[in-house]
Number of protein chains: 2
Amino acid sequence: MSTVGKAVSLLELFTLHEPEIGLSDLARRAGLDKATARRLLMALAAHRLIEQEPRSRRYRLGAGLSRLARIRDAHFPFVRLAAPVIRELSLETGETVHLSEFSAGALLTLHVELSAKANRVNVDVGQVLPLHGTASGIAFLAASRLEAVGAYLEKPLQAFTAFTMTQPDDLVKAIALAASRGYSRSAQGYEEGVHSIGAAILGADGQPIGTLAVASPVSRVDDATAAGQGEAAVRAARLISARLTGEA
Amino acid sequence: MSTVGKAVSLLELFTLHEPEIGLSDLARRAGLDKATARRLLMALAAHRLIEQEPRSRRYRLGAGLSRLARIRDAHFPFVRLAAPVIRELSLETGETVHLSEFSAGALLTLHVELSAKANRVNVDVGQVLPLHGTASGIAFLAASRLEAVGAYLEKPLQAFTAFTMTQPDDLVKAIALAASRGYSRSAQGYEEGVHSIGAAILGADGQPIGTLAVASPVSRVDDATAAGQGEAAVRAARLISARLTGEA
DNA sequence: CCCAATCGGTTCACTATTCGAACCAGTGTT
DNA sequence: AACACTGGTTCGAATAGTGAACCGATTGGG
């Protein structure tokens, strides 16, 4: 791997649940020598991509990242462009709709429009969704390159409910169905009582960058409703994709 | 410079005003060979820190940055911690108060609480403030290490109004005064008719990471008012510093 | 209380990675 | 048609990266 790749992989070790890591730990997990890790960290720190807590001497992500992200968000406003479409879809379906962006092997919830109904599905911004077991994830996999899907299926699939698909074969079928229909359907794979319809949002290079999903209580959805939500979700996802690439 | 440093300096070429740049241009500005620049860009792209517009083949900042910035912001919530203090200071002084973070040789405005008065100073989030000529900048320099101040004074100082301090000697005096008082005072150095009181916010390592400033119309401020604002600004800045380092 | 096992950090000979001049092919401009 | 740009590629030379061994400082059992 390139030196730059190693440096970035150090950055990627930090997560929401573990935002500060010590040198030895960092080196071990990245598969690097301590000396190498330290040199890379110092280089990153010189550009404020990493900073070091002076007391514990542990490392954390730096302010430079916030700066760069602001520049990006100002120019590539995924959430800003998608939000009105998400809102419209929520009003049209009467259900909760959420927007996710793919990042590091999972989907990160960026924006949510809640249903106006009393009995509704609640989703939190910031929630991390697995690719299997959520409609969003299956829609994302259905739009991904085959090799990416294969790589994901290599790892064991965690069960979140009694309904979670943990057999690669089942997942492959679900992905194939989603690919042919343009949207995915999943019931209670991640949370009990929740039914979801997902559709992938594509970037300028045709690769999926995120998804949107319509989430309803299972009791409210029959096949006809699901089909209607599916078509609406696909339209919304295509509209966002088009706006992102400047085609609309 | 290290390879990593070169890669990061490529990222830093992107700005709010120029969020997409071509390969040759990028290489030229970073002082790198085209081949080198491209290799670095590909390494960054592999980790989603950069992406390439397939049509124009120009490069832009990638989604990975947004992800990393979210992780950082969740753990190190500068704006989130500071906002209520800023609000309180605005109510106490009756004036507009803004929060800035240091980044790449300048101060970036992150948050603003506007005065309730009809005649007030307006500041925009995202606005970039120079270190000389603003109260925020002088407060920041006064809290910085001497070598950082020296390095900044090496470069010519741009004049923004007829009142902007462009002589290093004058600036040194202003910095010394700010350092002894704990807050800085500046009138019309950046924009005509605006009077500002600035105070630095320190990170866990004692180095300044940003500033806050009370901005009023010049007509409304006499020495006594300024002194009062100064003390209030210092208190607020210290409170934010303490909360950031987990001391309160 | 001391020993052992960590920790973060540093050194330096070795070598693999990075560098960059020269080279494509493509696209406007003159 | 010649020119001046683009983005992208190649490959021998040279530079920058590597990591085992080594600090001194903490930490936590026994």
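Values below: every heavy atom of this structure, side chains too, minus hydrogens, waters and symmetry copies. In what follows, chains are A, B, ... by sequence order, proteins preceding strands, each numbered from 1.
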*Between B/Glu18 and B/Arg29, does at least one N-O distance fall below 4.0 Å, as a salt bridge requires?*
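Answer for the salt bridge query: yes.
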*Decide, yes or no, whether a salt bridge links B/Arg72 with A/Glu51 under the criterion of side-chain N to carboxylate O below 4.0 Å.*
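Judged by the 4.0 Å cut-off on N to carboxylate O distance, B/Arg72 and A/Glu51 do form a salt bridge.
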Donor-acceptor pair, distance only, cut-off 3.5 Å: does the side chain of [X] make one with the backbone of [Y]?
X: B/Ser241; Y: B/Ala237; value: yes
X: B/Thr211; Y: B/Ala200; value: no
X: A/Arg60; Y: A/Pro19; value: no
X: A/Glu101; Y: A/Leu108; value: no
X: B/Tyr152; Y: B/Leu131; value: yes

*Between A/Ser184 and A/Ile138, what is the shortest heavy-atom contact and its length?*
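So the minimum-distance heavy-atom pair works out to CB-CG2, 3.8 Å.
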Can you tell me how far [atom2] of [N] sits from [atom1] of [X], to the nearest Å?
X: A/Asp25; N: C/dA5; atom1: CG; atom2: C1'; value: 15 Å
X: B/Leu26; N: D/dC5; atom1: CG; atom2: P; value: 18 Å
X: A/Arg58; N: D/dT27; atom1: CZ; atom2: C1'; value: 15 Å
X: A/Leu44; N: D/dG17; atom1: CG; atom2: P; value: 12 Å
X: A/Arg57; N: D/dT27; atom1: CZ; atom2: C1'; value: 13 Å
X: B/Gln52; N: D/dG7; atom1: CD; atom2: P; value: 9 Å
X: B/Leu40; N: C/dG20; atom1: CG; atom2: P; value: 10 Å
X: A/Met42; N: C/dT11; atom1: CE; atom2: P; value: 12 Å

Are [X] and [N] close enough that a side-chain N or O sits under 4.0 Å from OP1 or OP2?
X: B/Thr3; N: C/dT17; answer: no
X: A/Ser2; N: C/dT17; answer: no
X: B/Tyr59; N: D/dT6; answer: no
X: A/Ser24; N: C/dG8; answer: yes
X: B/Arg39; N: C/dC19; answer: yes

*ring pair (Phe, Tyr, Trp, His ring centres under 6.0 Å) between A/Phe160 and A/His132, worked out*: CA-CA 10 Å; A/Phe160 301 98; A/His132 70 286; 5.6 Å; yes
*Using heavy atoms and a sub-4.0 Å distance, could you list which residues of residues 28-38 of chain A are near DNA chain C? By number, please.*
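Heavy-atom contacts with DNA chain C come from A/Arg28, A/Lys34, A/Ala35, A/Arg38.
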*How sharply is the helix from C/dC1-D/dG30 to C/dT30-D/dA1 bent, taking the axes over five pairs at either end and rounding to 10 degrees?*
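The end axes of the helix from C/dC1-D/dG30 to C/dT30-D/dA1 are about 30° apart, to the nearest 10°.
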